Amino acid sequence: MNESTIRAVVQEVLSEIGKGTSTAPAAAPAPRVNGSPNGIPVMTAGVAASAGSSSYGPVSGDWGVFDSVDEAVAAAKDAFNQLRTRPIADRAKVVSIVKEMCEARAEEWGRKELEETKIGRLDHKIGKLQIIKQVPGTEWLKSDCFSGDNGLSVEEYAPFGVIGAITPVTHSLPTLAGNVINMIAAGNTVCFNPHPSGARIACEGVQAFNKAIAEAIGLENLVTIIGTPTIESAGAIFNHRDVRMLCVTGGPGVARAALQARKKAVVAGPGNPPVVVDETADIENAAKSIVAGAAFDNNLLCIGEKEVFAVNDIFDSLMDAMSRHGGYRLNAQQVEALTKLAFAPPKEPGGHHQLNRDMIGKDAAVLAEMIGVQVPAGTQLLYGETDTSNPFVPEEQMMPFIPIVRARDAQQAIELAYEFEHGFGHTAIIHSRNVRNMTVMGKLMDTTLYVKNGPCMAGLGLGGEGYLSFSVATPTGEGVTNPLTFTRSRRCVMVDELRVV
Ligand code: NAD
């Protein structure tokens, strides 16, 4: 084909579709206007305007809250098709809205979440909403470029569409808000199945976000949620044909279910983070850090310190130091009494101890009272010496008692840490000034987060470098989730041209 043949073909096509017989060069761009004259799909920001309709027809929820999964997904799909036509600046507005609302309403929403879930601590429920502003948004989107003798290729990061997300009871609204920021920054919309015990606050957040988003950019249902969530509604989201990917934050059951789903899943699963304290550690800093991390929201964090392996040389000084930083030491009988209340024996030999869920996330003073101990005001955490046969060591207890196990030396402490992390690949912590020990432990543990000389929160950008997310994807390997976690990489190739250097 030469140039005149191409011109002739283009002109024929244009006249056929009623666009007239202009002799303008074929390369002249069509004006981008709204509407659809002559039945031709008109492009706005590169997306066909007709793409906005859903196969389900109009659906109505209560500002994003729906009874049925089909309706919630259809609404999110409609919203996605509209979001695709919008500039990135609109996504950035959504991100700002969610961050600002979480900060402005942290006290009210933190209190409501505690009243509903009845686990954790008010100061930390509030704190977890105040830090939502540290979750990364549209500024994380990027393009990669390859420029060479064969031309120019660009890799851009595109949204998936509707994401199905499951949130835990331990941080219902913070996880939801963080997911919304990451997912919408990347151009997706989302349908949540919240934990039933934290659904009310999750729905309130979704409604407030949606109202403010509609006011700011005129789009509804960028975030949808199932008002009365069940395992069945979670399953329906997992299997829905219009849900393009999953993001699941929760314990072993839901992590397993998501890994079995027949679609891409980002799984933020359980952990049992061990702490090693070796003979070179700054003991005051180790004690302070362990108390701060393990007591945070009464040890509900998946990254929270769950068991300590301290070498014999510094064992006693660590035990003393813990009580100077808000820890209360239980003696052997008290530890035994608490253990009996917290765990029932395994149902079958070699199985897991059964965790007493009524004790999860309770205050240290409440746990102490259950075994007849009055602790001083301001006590953050109970602790005591155990051996590895105590179920507090292998199990993810999620309550403010931490077992401290005596190890012969650093090597044994590291080996025990490895054994009791169970290969979750989640989080490990060491207090040490010996870089060799740090290196050996880091290599062996192979965890997503590895914190040295600080509390667990440092692993999520709170007192350590890095950024925040409440969904740390462990078995599926995405790590601390961010907007790019929820994108597809697309390559656009120009052969031979457009390299202008
Ligand atoms: P959970 O597993 O009881 O519930 C999590 C969510 O999964 C809930 O919405 C629940 O309704 C749903 N669910 C449970 N079983 C399911 C199944 N078989 N199919 C579909 N949905 C199911 O967990 P939780 O008590 O809410 O949260 C605590 C757990 O979550 C801990 O194990 C903690 O380590 C983990 N967690 C991990 C991260 C992370 O980033 N990796 C963050 C927070 C919590």
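As the structure lists them, so they are numbered: ligands from 1, and atoms in each ligand from 1. From a predicted model like this one, the values you see are computed outputs, not experimental measurements.
Annotation for ligand 1: atoms under 4.0 Å from non-hydrogen atoms of T249 are 5 (C), 38 (C), 42 (C), 43 (C). Listed by atom number, the atoms of ligand 1 under 4.0 Å from S471 heavy atoms are 40 (O). Residue contact check: A234 has heavy atoms under 4.0 Å from atoms 20 (C), 21 (N) of ligand 1. The P270 neighbourhood of ligand 1 comprises atoms 32 (O), 34 (O), with distances under 4.0 Å to a heavy atom of that residue. Using a 4.0 Å cut-off to heavy atoms of G271, the atoms of ligand 1 that qualify are 34 (O). Close approach to P194 involves these atoms of ligand 1, each under 4.0 Å from a residue heavy atom: 9 (O). Of all the atoms in ligand 1, the ones that sit under 4.0 Å from a non-hydrogen atom of H171 are 43 (C). Near G269, meaning under 4.0 Å from any of its heavy atoms, are these atoms of ligand 1: 37 (C), 38 (C), 39 (C), 41 (N).
A cation-pi geometry, defined here as NZ or CZ lying under 6.0 Å from the six-membered ring centre and within 45° of its normal, does not hold between R244 and F160.
Counting protein heavy atoms only, atom 27 (O) of ligand 1 is closest to P168 CB, 3.4 Å. For atom 14 (C) of ligand 1, the nearest non-hydrogen atom of the protein is V254 CB, 3.8 Å. At the shortest separation from atom 11 (O) of ligand 1 among protein heavy atoms lies P196 CD, 3.4 Å. Among protein heavy atoms, the minimum distance from atom 10 (C) of ligand 1 is reached at H195 CD2, 3.8 Å. Nearest to atom 23 (O) of ligand 1 among the protein's heavy atoms is G251 N, 3.4 Å. When hydrogens are left out, the protein atom nearest atom 18 (N) of ligand 1 is G253 O, 3.9 Å; that is the closest non-hydrogen contact. For atom 36 (N) of ligand 1, the closest non-hydrogen atom on the protein side is C302 CB, 3.6 Å. Considering only non-hydrogen protein atoms, atom 15 (N) of ligand 1 sits nearest to I231 CD1, 3.6 Å.
At under 3.5 Å, not a single nitrogen or oxygen of T474, backbone or side chain, sits near a nitrogen or oxygen of ligand 1. Between M398 and ligand 1, a contact under 3.5 Å exists for no N or O pair. At least one N or O atom of G250 sits closer than 3.5 Å to an N or O atom of ligand 1. By the 3.5 Å distance cut-off applied to N or O atoms, V169 is counted among the residues near ligand 1. Considering both main-chain and side-chain atoms, E396 comes within under 3.5 Å of ligand 1 through a nitrogen or oxygen pair. Residue H426 has at least one N or O atom closer than 3.5 Å to an N or O atom of ligand 1. The N/O atoms of V472, backbone and side chain alike, include one that comes under 3.5 Å of an N/O atom in ligand 1.
In the candidate list L300, V248, I166, I166 is nearest to atom 6 (C) of ligand 1, counting heavy atoms. Of the candidates R357, Q260, R256, E232, the one placing a heavy atom closest to atom 25 (O) of ligand 1 is R357. The nearest non-hydrogen atom to atom 9 (O) of ligand 1, considering only I237, T167, L301, comes from T167.
With P475 as the fixed residue, the side chain to side chain contact (heavy atoms under 4.5 Å, CB included) test singles out one of V266, V267, T448: V267. Paired with N299 under the rule side chain to side chain contact (heavy atoms under 4.5 Å, CB included), one option of M399, K306, E305 passes, and it is K306. Across R121, K362, K125, a single residue satisfies salt bridge (Lys or Arg N to Asp or Glu O under 4.0 Å) together with D297, and that is K125.
For the residue pair Y157/D144, the side-chain donor-acceptor check at 3.5 Å is satisfied. A donor and an acceptor atom, one from each side chain of D387 and S389, are located under 3.5 Å apart. Neither side chain, T189 nor N221, offers a donor N or O lying under 3.5 Å from an acceptor on the other. T249 and S471 share a donor-acceptor pair across their side chains, judged by distance under 3.5 Å alone. H325 and E284 form a side-chain donor-acceptor contact under 3.5 Å, judged by distance and modelled atom types alone.
No more than 12 heavy atoms of other residues, nucleotides or ligands shown are found within 6.0 angstrom of CD on Q411.
Atom-to-atom distance recorded for D123:CG and L114:CG is 9.5 Å, nearest 0.5 angstrom. Between atom OG of residue S323 and atom CG of residue L318 there is a gap of 10.0 Å, rounded to the nearest 0.5 Å.
The pair E116-K112 does not meet the salt-bridge criterion, since no charged nitrogen lies less than 4.0 angstrom from a carboxylate oxygen.
In this structure, T487 and L484 have side chains that are in contact, with non-hydrogen atoms separated by less than 4.5 Å.
Relative orientation of the F470 and H171 rings is tilted, given thresholds of 30° and 60° on the angle between their planes.
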